[in-house]
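Everything below concerns the one structure shown next.
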Amino acid sequence: MPELPEVENVARALQRNLAGRRCTGLRVRFAGVLSQSPRATRSALLGKRLEDVHRHGKYLILNFRDEAGSPAHLMLHLRMTGQLINLTDYHLDRHVHLVFDFDGLPVYYRDIRKFGRFTLVEDGRRPAALAHIGPDMLEISFREWGARVAARRAALKAVLLDQGVAAGLGNIYADEALFRARVHPEAVPAELDRATLQRVLRSAKGVLRLAIRHGGTTLVNFTDFNGRPGNFRRKLRVYGRTGEPCRACGTPLGRTVVGGRSTHFCPSCQRR
DNA sequence: AAGATTACCTGAAGGC
DNA sequence: TGCCTTCAGGTAATCT
């Protein structure tokens, strides 16, 4: 599932492979992934050059500009199963909803569950549509994060997943961050001391940076012609390892539900 | 007002 | 084999 590290890798691949190219075509096979009409989306993008790609949390914003200096900003969220694919010999299947053309280079949007969304916005950095989203998890300072979290009484994991507090952490990396910080997912932020909260934020940033370096956990790859998946899966210490021994202490890992999400943890390393 | 629940979708996996 | 249920999880909308 695309979380911050996967989205960051998509952003870098888009930047590397498409920046400087003009959007010269957009075929819409399923209009449900567009917030605006296909006609409006095409008219905003066609003929404009991709200048840069900005990421905020799990959102991407593609910034375009035409020769006359007129801009366009396309925001997208891959949600659960969205993929951007940049293979020249790609074989279309029924899950490919958009086909962009960048000066002859095809870019496919594939999304099995159709949760992803492309939205034209009016600003390339902080559009109004993201006003309720907090600072990016990799950029937020402890001063700010700590202040936002200090009074919360919901389970810590639920607060980590709350994109209004800080944006980018999803279910997989929330579990990994809590394990690395040795804090129980149901701990109450308001009851934790400063050092523990600092450890949680540091662990969250650490696991995100590590996953970015390993290409993420999803299979989105722009440069690679065989669509090689990210290889962070091997590095996961708790997610999806229920019943298997903790890599730190050997205790069988537990699974519970926090904030409606499946939650993996070590009952011995992560005490309440 | 924060916290909890549901809707949105499809495919995989498990039970019978 | 095939039908049915459950689960997966990001976000917005809707409830309490």
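In what follows, chains carry the letters A, B, and so on, assigned in the order in which the sequence lines appear, proteins first and then strands, with residues in each chain numbered from 1.
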> Roughly, in whole Å, what's the span from NE2 in His56(A) to C1' in dT11(C)?
Replying inline: 14 Å
> According to a strict under-4.0 Å criterion, is Gln163(A) in side-chain N/O contact with OP1 or OP2 of dT11(C)?
Replying inline: yes
>> What's the gap between dC9(B) and dT14(C) when it is taken at their P atoms, as a whole Å value?
In response: 15 Å
> Are Glu6(A) and Lys58(A) close enough for a salt bridge, meaning some N to O gap below 4.0 Å?
Replying inline: no
> How close or far is atom P of dT11(C) from atom CZ of Arg79(A), stated in whole angstroms?
Replying inline: 7 Å
> If you look only at pairs with a residue in residues 19-51 of chain A, which of them pass as a ring pair (Phe, Tyr, Trp, His ring centres under 6.0 Å), with sequence neighbours excluded?
Replying inline: Phe30(A)-His97(A)
>> dT10(B), OP1 or OP2 - any side-chain N/O from Arg94(A) closer than 4.0 Å?
In response: no
Name every donor-acceptor pair, under 3.5 Å, that has one atom in a side chain of residues 200-213 of chain A and the other anywhere in the protein, sequence neighbours excluded.
| residue | atom | partner | partner atom | Å |
| --- | --- | --- | --- | --- |
| Ser203(A) | OG | Ala181(A) | N | 3.4 |
| Ser203(A) | OG | Arg199(A) | O | 2.8 |
| Lys205(A) | NZ | Ile140(A) | O | 2.5 |

> Using a cut-off of less than 4.0 Å, is there contact between a side-chain N or O of Arg110(A) and OP1 or OP2 of dT10(B)?
Replying inline: no
> Atom CE of Met75(A) to atom C1' of dG10(C): distance rounded to whole Å?
Replying inline: 13 Å
> Is Lys114(A) near enough to dT10(B) that one of its side-chain N or O atoms lies under 4.0 angstrom from OP1 or OP2?
Replying inline: yes
> Can you tell me how far P of dT10(B) sits from CG of Asp111(A), to the nearest Å?
Replying inline: 10 Å
>> If I take atom CG in residue Leu161(A) and atom C1' in nucleotide dG3(B), what distance separates them, rounded to the nearest angstrom?
In response: 14 Å
> What is the distance, rounded to the nearest whole Å, between atom CG of Leu78(A) and atom P of dA8(C)?
Replying inline: 21 Å
>> With a 4.0 Å cut-off on N to O distance, would you call Lys157(A) and Asp175(A) a salt bridge?
In response: yes
> Between dT11(C) atom C1' and His132(A) atom NE2, what is the distance in whole Å?
Replying inline: 8 Å
>> Taking the basic N atoms (NZ, or NE/NH1/NH2) and the acidic carboxylate oxygens, is any pair closer than 4.0 Å for Asp136(A) and Arg55(A)?
In response: yes
>> Base, sugar-phosphate or nothing for Arg117(A)? Non-hydrogen atoms, less than 4.0 Å.
In response: nothing
> Is there a side-chain polar atom (N or O) of Arg152(A) under 4.0 Å from OP1 or OP2 of dG3(B)?
Replying inline: yes
> If you check the Tyr59(A) side chain, which of dG10(C), dA12(C), dG3(B) turns out closest?
Replying inline: dA12(C)
>> If the cut-off is 4.0 Å, is Arg255(A) near the phosphate of dA8(C), judged by side-chain N/O to OP1 or OP2?
In response: yes
> Would you call Phe115(A) stacked on dT11(C), i.e. ring centres under 5.5 Å apart with the planes less than 30° off parallel?
Replying inline: no
> Rounded to whole angstrom units, what separation is found between the CD atom of Gln83(A) and the P atom of dC9(B)?
Replying inline: 19 Å
>> For a quick test of reading the model: is some side-chain N or O of His95(A) closer than 4.0 Å to OP1 or OP2 of dC9(B)?
In response: no
